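Quick one: the structure is below, questions incoming.
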Amino acid sequence: MTKNNSKKSAQAGNISSNKTTASNSSNLARIQKIVSSHGKLSLDDQIAYMKHKGITFNHITEDAAKDYLSQNTYYYKVTAFRKNIAKVNGKYTSLDFGLLSDLATIDMYLRYALIKINLDIEHTLKALLVSVITKSNAEDGYTIVKEYDTYCKNKLLEEKPKFKEKNYIPVDKKNNEQK
């Protein structure tokens, strides 16, 4: 290759690189405008915005990340975990999308475990309450329901002043009304 052709090739490469940089810059400006106006980003825009923020895609490809975002979770859930990572000059320096997706998965499993624990606690407390009421000679089981019904009625009237008290059906009358 001659010096002249080599020089032209290098210049063409620089022009192409400058066009790509300008294109990326205008694309980023468009994405930032969407974000600032609380608009909706496409999957490609989400990936571009994450890359702008310094999030890398070394452990998961961009295409796999798009699939993950469209089928398993959503952008704000995954990227919420980035808040715990330090930034340098406004960009994350060691944050990969693979880490964010792993944290989202761990969060999901923790949520499932806590839901099961909460359901078990609720069941145990209800069984304990029924046991205490059943063993108590001071409680007939109906009084506590009437007291709770009165509490609910008063709360309803307090929170909804337009509600007419005459329209409230006490719990002991509801079965008769439904027949």
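The structure displayed is predicted, hence computed values, not measured ones. In what follows, residues are counted from 1 in the order of the sequence shown.
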Notebook entry, point to check: Are Asp44 and Glu62 close enough that some pair of their side-chain heavy atoms sits under 4.5 Å apart?
Noted result: no
Margin query: Given 3.5 Å as the limit, does a donor-acceptor pair link the side chain of Asp149 with the main chain of Val145, or not?
Written below: no
Notebook entry, point to check: Taking everything shown except Lys51 itself, do over 12 heavy atoms lie less than 6.0 Å from its NZ?
Noted result: no
Item checked: Single-linkage hydrophobic cluster Tyr76~Met50, side-chain heavy atoms < 4.5 angstrom -> yes
Item checked: Linked, directly or transitively: Tyr74 and Ile34 (ILVMFWY side chains, under 4.5 Å) -> yes
Next item on the list: Provide the closest heavy-atom pair for Phe57 versus Ala65 in the form atom of the first, atom of the second, distance.
Entry: CE2-CB, 3.7 Å
Note to self: Quick check on Lys91: does its NZ atom have over 12 non-hydrogen neighbours (other residues, nucleotides or ligands) under 6.0 Å away?
What the structure shows: yes
Checklist line | Co-members of the apolar cluster containing Phe163 [side chain, <4.5 Å] | finding: Leu156, Leu157, Tyr168
Margin query: So, taking the atom named NZ in Lys77 and the one named CE in Met108, what distance separates them when rounded to the nearest 0.5 Å?
Written below: 9.5 Å
Item checked: Euclidean distance, Leu28 CG relative to Lys33 NZ, rounded to 0.5 Å -> 14.0 Å
Item checked: Sequence-distant partners of Asp67, salt bridge (charged side-chain N to carboxylate O under 4.0 Å, His left out), two or more places apart -> none
Check: Is there side-chain contact between Lys87 and Thr93, with heavy atoms separated by less than 4.5 Å?
Finding: no
Checklist line | Value rounded to 0.5 Å, distance of CG in Asp107 from CG in Asp102 | finding: 12.5 Å
Notebook entry, point to check: What pairs of residues pass the side chain to side chain donor-acceptor pair (under 3.5 Å) test when at least one of them lies in residues 152-162, not counting sequence neighbours?
Noted result: Lys153-Glu165
Item checked: Separation of Gln46 CD from Ser70 OG (nearest 0.5 Å) -> 9.5 Å
Notebook entry, point to check: Measuring from Ile55:CD1 to Ile47:CD1, what's the distance to the nearest 0.5 Å?
Noted result: 9.0 Å
Notebook entry, point to check: Side chains of Ile31 and Leu41: does their closest heavy-atom pair fall under 4.5 Å?
Noted result: yes
Next item on the list: Report the residues that fulfil side-chain hydrogen bond (donor to acceptor under 3.5 Å, both in side chains) with Asp120, sequence neighbours left out, ordered by chain and then residue number.
Entry: Lys116
Checklist line | Heavy-atom pair of closest approach, residues Ala104 and Tyr68 | finding: CB-OH, 3.7 Å
Going by atom type alone, with no hydrogens or angles, which donor-acceptor pairs under 3.5 Å involve a side-chain atom of residues 79-86 and a protein atom two or more places apart or on another chain?
{"from": "Thr79", "atom 1": "OG1", "to": "Tyr75", "atom 2": "O", "distance (Å)": "2.8"}
{"from": "Thr79", "atom 1": "OG1", "to": "Arg82", "atom 2": "NH1", "distance (Å)": "3.3"}
{"from": "Arg82", "atom 1": "NE", "to": "Tyr92", "atom 2": "OH", "distance (Å)": "3.3"}
{"from": "Arg82", "atom 1": "NH1", "to": "Thr79", "atom 2": "O", "distance (Å)": "2.8"}

Side-chain atoms of residues 126-141: list all donor-acceptor pairs with protein atoms under 3.5 Å, sequence neighbours left out, distances to 0.1 Å.
{"from": "Lys126", "atom 1": "NZ", "to": "Glu122", "atom 2": "OE2", "distance (Å)": "2.9"}
{"from": "Thr134", "atom 1": "OG1", "to": "Val130", "atom 2": "O", "distance (Å)": "2.7"}
{"from": "Ser136", "atom 1": "OG", "to": "Ala138", "atom 2": "N", "distance (Å)": "3.2"}
{"from": "Ser136", "atom 1": "OG", "to": "Glu139", "atom 2": "N", "distance (Å)": "3.4"}
{"from": "Glu139", "atom 1": "OE2", "to": "Gly141", "atom 2": "N", "distance (Å)": "3.0"}
{"from": "Glu139", "atom 1": "OE2", "to": "Ile144", "atom 2": "N", "distance (Å)": "3.1"}
{"from": "Asp140", "atom 1": "OD1", "to": "Tyr142", "atom 2": "N", "distance (Å)": "2.8"}
{"from": "Asp140", "atom 1": "OD1", "to": "Thr143", "atom 2": "N", "distance (Å)": "2.8"}
{"from": "Asp140", "atom 1": "OD1", "to": "Thr143", "atom 2": "OG1", "distance (Å)": "2.9"}
{"from": "Asp140", "atom 1": "OD2", "to": "Thr143", "atom 2": "OG1", "distance (Å)": "3.4"}

Notebook entry, point to check: Counting N and O atoms only, with roles assigned by atom type, does the side chain of Thr56 sit under 3.5 Å from a partner on the main chain of Leu95, one being a donor and the other an acceptor?
Noted result: yes
Notebook entry, point to check: Any Lys/Arg nitrogen of Asp45 or Lys40 sitting under 4.0 Å from an Asp/Glu carboxylate oxygen of the other?
Noted result: no
Checklist line | Beyond-backbone contact of Phe97 with Asn58, side-chain heavy atoms, under 4.5 angstrom | finding: no
Next item on the list: For residues Tyr49 and Val35, determine if any side-chain heavy atom of one lies less than 4.5 Å from a side-chain heavy atom of the other.
Entry: yes
